[in-house]
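Step one of this worksheet: look at the structure below.
Below, chains carry the letters A, B, ... as their sequence lines are ordered, and counting in each starts from 1.
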Amino acid sequence: MVEEKNKLLLIDGNSVTFRAFFALHNSLSRFVNHEGLHTNAIYGFKNMLDSILTKVNPTHILVAFDAGKTTFRTEKFTDYKGGRAKTPSELSEQFPEIKNLLEGYGIKTYELKNYEADDIIGTLAAKAEKKNYDVVVVTGDRDLTQLTTDKITVAVTVKGVSEIEEYTPSHVEEKIGLIPEQIVDMKALVGDTSDNYPGVTKIGEKTAIKLLKQYGTLDGIYKNIDEMKKSKMKENLIREKEIAYLCQDLAEIRKDAPVEIDLEETEWTGKNIEKLVTLYQKLDFRKFLSQLKAESSEQLDIFESKSNIEFTELTEENLNDIKISDNDEIVFNLEIDGENYHTAEIIGFSIKIGDKYLVSDDIDLLKKKQIKNLLESDEVEVDLFDGKRQYVGLNRLGVTLSKINFDLLLVSYLLDNSENSNDLGLLAQQHEYYDVESDEQIYGKGAKHAVPEDKEVLFEHLVRKVKAINNLKEKLFNELEENQQLDLYTKIERPLSIILANMEIAGVKVDSNRLETMQSELKERLSELEQEIYNEAGEEFNLNSPKQLGVILFEKLKLPVIKKTKTGYSTAVGVLEQLRGMSPIVDNILQYRQLAKIQSTYIEGLLKVVSKKDGKAHTRYTQTLTSTGRLSSVDPNLQNIPVRLEEGRKIRQAFVPSHPGWEIFSSDYSQIELRVLAHISKDKNMQEAFKEGMDIHASTAMRIFNVDSPDEVTPNMRRQAKAVNFGIVYGISDYGLSQNIGISRKQAKQFIDTYLDTFSGVKDYMEKIVEFAKENGYVETIFNRRRYLPDIKSRNFNLRSFAERTAMNSPIQGSAADIIKVAMINMQEMLKEKNLQAKMLLQVHDELIFEAPTEEIPLLEDMVPKVMDSAVKLDVPLKVESKHGQTWFDTK
DNA sequence: TTTCTCACG
DNA sequence: ACGTACGTGAGAAAA
């Protein structure tokens with residue numbers, strides 16, 4: 001076996017603790033334990049530690065702390081770190097607990113009289129480097145980047161402590177423009193306000209970098225000082241030479257501090273679970289306690305051990321013990337071994353009847369009348385987890401699940417859509433129920449995924465699942481009621497789950513031959529384009545690699561760099577479009593990109609997921625994912641089939657009816673989000689436009705461009721007004737708008753101001769909704785769907801701005817999602833009532849797609865819009881447009 | 001696994 | 001001064 005390489009993690013304990021404290025400063029009052037001790041810094045520190053441990057995976061760790069106020073630096077310069085505000089007591093009381101935490105983690109801490117944590121780190125890093133260790137330093141202090149070398153990486157916390165920026169020598173150079181060794185000299189010239197040493201008068205970072213680039217070092221500068229042109233700066237440099245060298249001395253992190261600790265002593269041997277449990281209990285860290293429990297494989301007495309649970313294996317013999325008449329409510333779980341429940345193997349099931357738990361891996365038992373009747377009875381209510389999944393699974397066995405009462409997954413999503421897992425065990429934990437494990441713990445993950453060999457293990461897991469569902473039912477129902485969300489659940493989401501199940505089961509027919517024909521055509525065109533691009537580039541490269549493409553465009557062909565990404569040059573469409581005309585290669589790349597996307601995602605991707613059994617695509621709608629209440633569609637995603645460009649739109653020719661003599665029929669809401677906005681903002685002007693049936697974008701254009709008649713609105717004015725309308729819905733910013741329609745920021749701001757002046761109701765709404773979110777911590781839709789916005793009070797400008805835009809957008813997008821959901825439920829009802837053959841197949845956010853016999857089309861043309869526009873009564877009318885044709889492509 | 005790019009509303 | 005539009009999923013490359 002290869003010996004693992006030593007990797008030393010050094011953490012600046014003081015600096016990280018400070019950062020953690022101030023990052024969670026606005027939640028200070030929420031982080032207080034039962035003894036009145038503040039815990040925010042400990043909490044933040046712990047999170048940082050976990051993420052860095054996962055990321056770095058060190059063999060050795062040490063956390064260094066400052067020993068006290070006086071150090072060798074204060075001796076040299078009395079005012080060093082002078083004038084600093086006193087550490088607040090809410091923070092200083094947390095230091096001992098942080099040291100306890102580290103002890104629990106099995107991590108050495110160290111402090112050294114007369115030296116700062118930095119010097120301990122510098123010294124140990126140098127020692128370790130000599131012994132060929134890799135070293136990672138974590139700190140909140142950018143000055144430590146002076147330590148970076150090929151072996152030493154410095155990770156500086158940004159945005160509190162949750163994210164880090166890693167400095168390697170090349171990153172230092174890129175970011176600051178100096179090599180690591182020059183940082184000290186820069187500090188010598190610039191000084192440091194927080195450490196309170198001055199540097200040379202009038203020299204800031206810019207000047208210092210310029211000087212160091214020219215002369216290399218501080219010594220270099222003074223050696224050549226006579227050659228410098230006469231200037232104030234030169235005078236300052238000469239006069240304050242002594243100060244500069246003093247500051248250099250202060251800034252330099254020592255690599256020879258008398259640290260009395262050997263590298264071997266910092267070896268990390270792992271956590272002491274018992275110590276951590278005691279600490280977490282003291283600090284009231286309930287979430288961490290349960291995490292700890294989840295990650296420690298051994299059974300430990302310190303956790304309340306799992307309850308004993310008794311259950312019976314169900315067999316043909318004892319099947320008759322089940323009596324339907326005695327029970328009007330059961331808890332049921334069908335276990336399907338894989339995400340895609342349309343195809344994955346069904347491996348078992350468990351039921352709670354009365355106070356008995358039954359379990360089996362014999363799927364055929366479900367088809368027997370004793371159980372089938374129970375599940376299909378409209379008298380027996382079933383509690384479960386993920387009703388849609390259960391319904392589809394049972395459907396594959398010929399069983400039609402009839403009456404769902406409590407769906408743990410769905411209810412939990414409605415209560416809080418931000419922390420939602422699809423795993424019953426994890427979800428239960430979030431609701432503080434710990435008597436069931438996560439699927440990952442039982443089955444493993446990735447390549448190691450396997451059904452447990454021991455049948456008892458599987459059985460116990462399945463039984464614990466139904467027990468968890470049962471135990472959480474009352475509590476979560478109560479929470480729904482408190483939030484006034486019971487109707488949202490019983491009248492919208494729960495019935496919708498069954499409708500979605502049936503849409504998924506029905507599937508949509510795909511004409512694979514059509515796709516294959518397109519595939520071979522595209523293949524040819526792509527290879528032609530490829531050749532042409534290689535010719536123009538003068539070499540062959542991987543066209544699908546943005547990195548390689550960047551090198552060709554911006555280095556070899558020397559095209560101007562418009563935008564950079566985190567890792568290199570951006571080659572996104574917007575960038576390429578600006579480069580058009582500079583080289584013929586650009587147009588070809590754009591063309592290639594467009595076709596390659598169609599080929600890989602839509603032709604090959606789609607062909608892969610078409611069922612061999614029935615030639616259909618059976619998507620899965622994720623009903624409990626989005627934070628706004630929309631659905632999403634996976635495997636395949638049928639909500640993003642191309643439509644905007646003709647070339648891509650042809651993909652829709654492959655979506656066909658499943659019977660001859662049928663057609664595809666589609667209806668969509670026109671501008672539903674703007675109508676919702678008109679409704680909830682109660683803006684008079686906007687409502688009037690919709691009530692009068694005006695073209696909303698043209699009407700907006702008239703107002704923001706101040707023209708009196710619709711005839712004066714040019715297509716360009718309308719286009720810009722449309723972008724403004726979209727911007728309003730998204731929570732507008734002048735920058736975003738300016739980017740979108742390619743105008744100046746100033747002009748964008750003017751558009752927005754004029755808009756908000758005329759649509760003052762909208763302006764009021766935007767202000768009020770942000771206010772509401774700040775007061776209540778959430779916003780909601782017209783049907784009380786909630787979205788929590790914890791960042792709305794953040795001190796971080798970006799986070800807060802984002803939360804504010806979300807507060808404006810979510811009620812709009814979410815209410816629109818609610819409305820189409822209601823329409824789907826009413827629509828399904830109507831199809832059944834009228835006894836139509838027509839089937840609802842797809843939902844694309846504001847559009848419903850059906851297949852139907854041609855003779856039913858006139859009926860649908862009348863019925864569907866009626867059902868959709870009457871789904872909810874708003875202050876403005878809803879408008880629905882319908883189309884139909886032989887394929888999805890032809891519905892236009 | 002993360003990043004970039006691009007398809008949709 | 002900050003650094004941006006809102007909500008998604010998938011494929012390919014690079015790590």
Students often get this wrong, so: under 4.0 angstrom with heavy atoms, is A:V729 touching a base, only sugar-phosphate, or nothing?
nothing
A:S633 near the nucleic acid: base, sugar-phosphate alone, or nothing, with a heavy-atom cut-off under 4.0 Å?
sugar-phosphate
Expressed in whole Å, how much space separates the C1' atoms belonging to C:dA5 and B:dT2?
24 Å
A:R745 near the nucleic acid: base, sugar-phosphate alone, or nothing, with a heavy-atom cut-off under 4.0 Å?
base
Output yes when at least one side-chain N/O atom of A:R644 is less than 4.0 Å from OP1 or OP2 of B:dC8, else no.
yes
Quick one: does A:R785's side chain have a donor or acceptor within less than 3.5 Å of a partner on A:L414's backbone?
no
Roughly how many Å is it from CG in A:N637 to C1' in C:dG7, rounded to a whole number?
12 Å
Side-chain donor/acceptor contact of A:S733 with base of C:dT4 under 3.5 Å
yes
So what does A:A807 hit on the nucleic acid, given a heavy-atom distance under 4.0 Å: a base, only sugar-phosphate, or nothing?
nothing
Under 4.0 Å between any heavy atoms, over every strand shown, what does A:S801 touch: base, sugar-phosphate, or nothing? Just pick one.
nothing
With a 3.5 Å limit on both atom pairs, tell me what C:dA1 is paired to, counting Watson-Crick and G-U wobble, or say none.
none
Polar pair under 3.5 Å, donor/acceptor by atom type, side chain A:Q639, base B:dC8
no
Between protein and nucleic acid, restricted to nucleotides 12-15 of chain C and to nitrogen or oxygen atoms under 3.5 Å apart, what atom pairs and distances do you find?
unit_1, atom_1, unit_2, atom_2, d
C:dA13, OP1, A:N542, OD1, 3.4
C:dA13, OP1, A:N542, ND2, 2.8
C:dA13, O3', A:S545, OG, 3.4
C:dA14, OP1, A:S545, OG, 2.7
C:dA15, OP1, A:K547, NZ, 3.2

Base, sugar-phosphate alone, or nothing: which one does A:I598 contact when heavy atoms must sit under 4.0 Å apart?
nothing
What does A:G605 touch in the nucleic acid at a heavy-atom separation under 4.0 angstrom: a base, only the sugar-phosphate, or nothing?
sugar-phosphate
Under 4.0 angstrom, heavy atoms only, what part of the nucleic acid is A:N809 near: base, sugar-phosphate, or nothing?
sugar-phosphate
As a test of understanding, state which of A:K879, A:K883, A:H845 forms a side-chain contact (heavy atoms from CB on, under 4.5 Å) with A:D668.
A:K883
Here the distance between atom P of C:dG11 and atom CG of A:D635, to the nearest Å, is 9 Å
Identify, with sequence neighbours excluded, every residue that meets salt bridge (Lys or Arg N to Asp or Glu O under 4.0 Å) alongside A:K523.
none
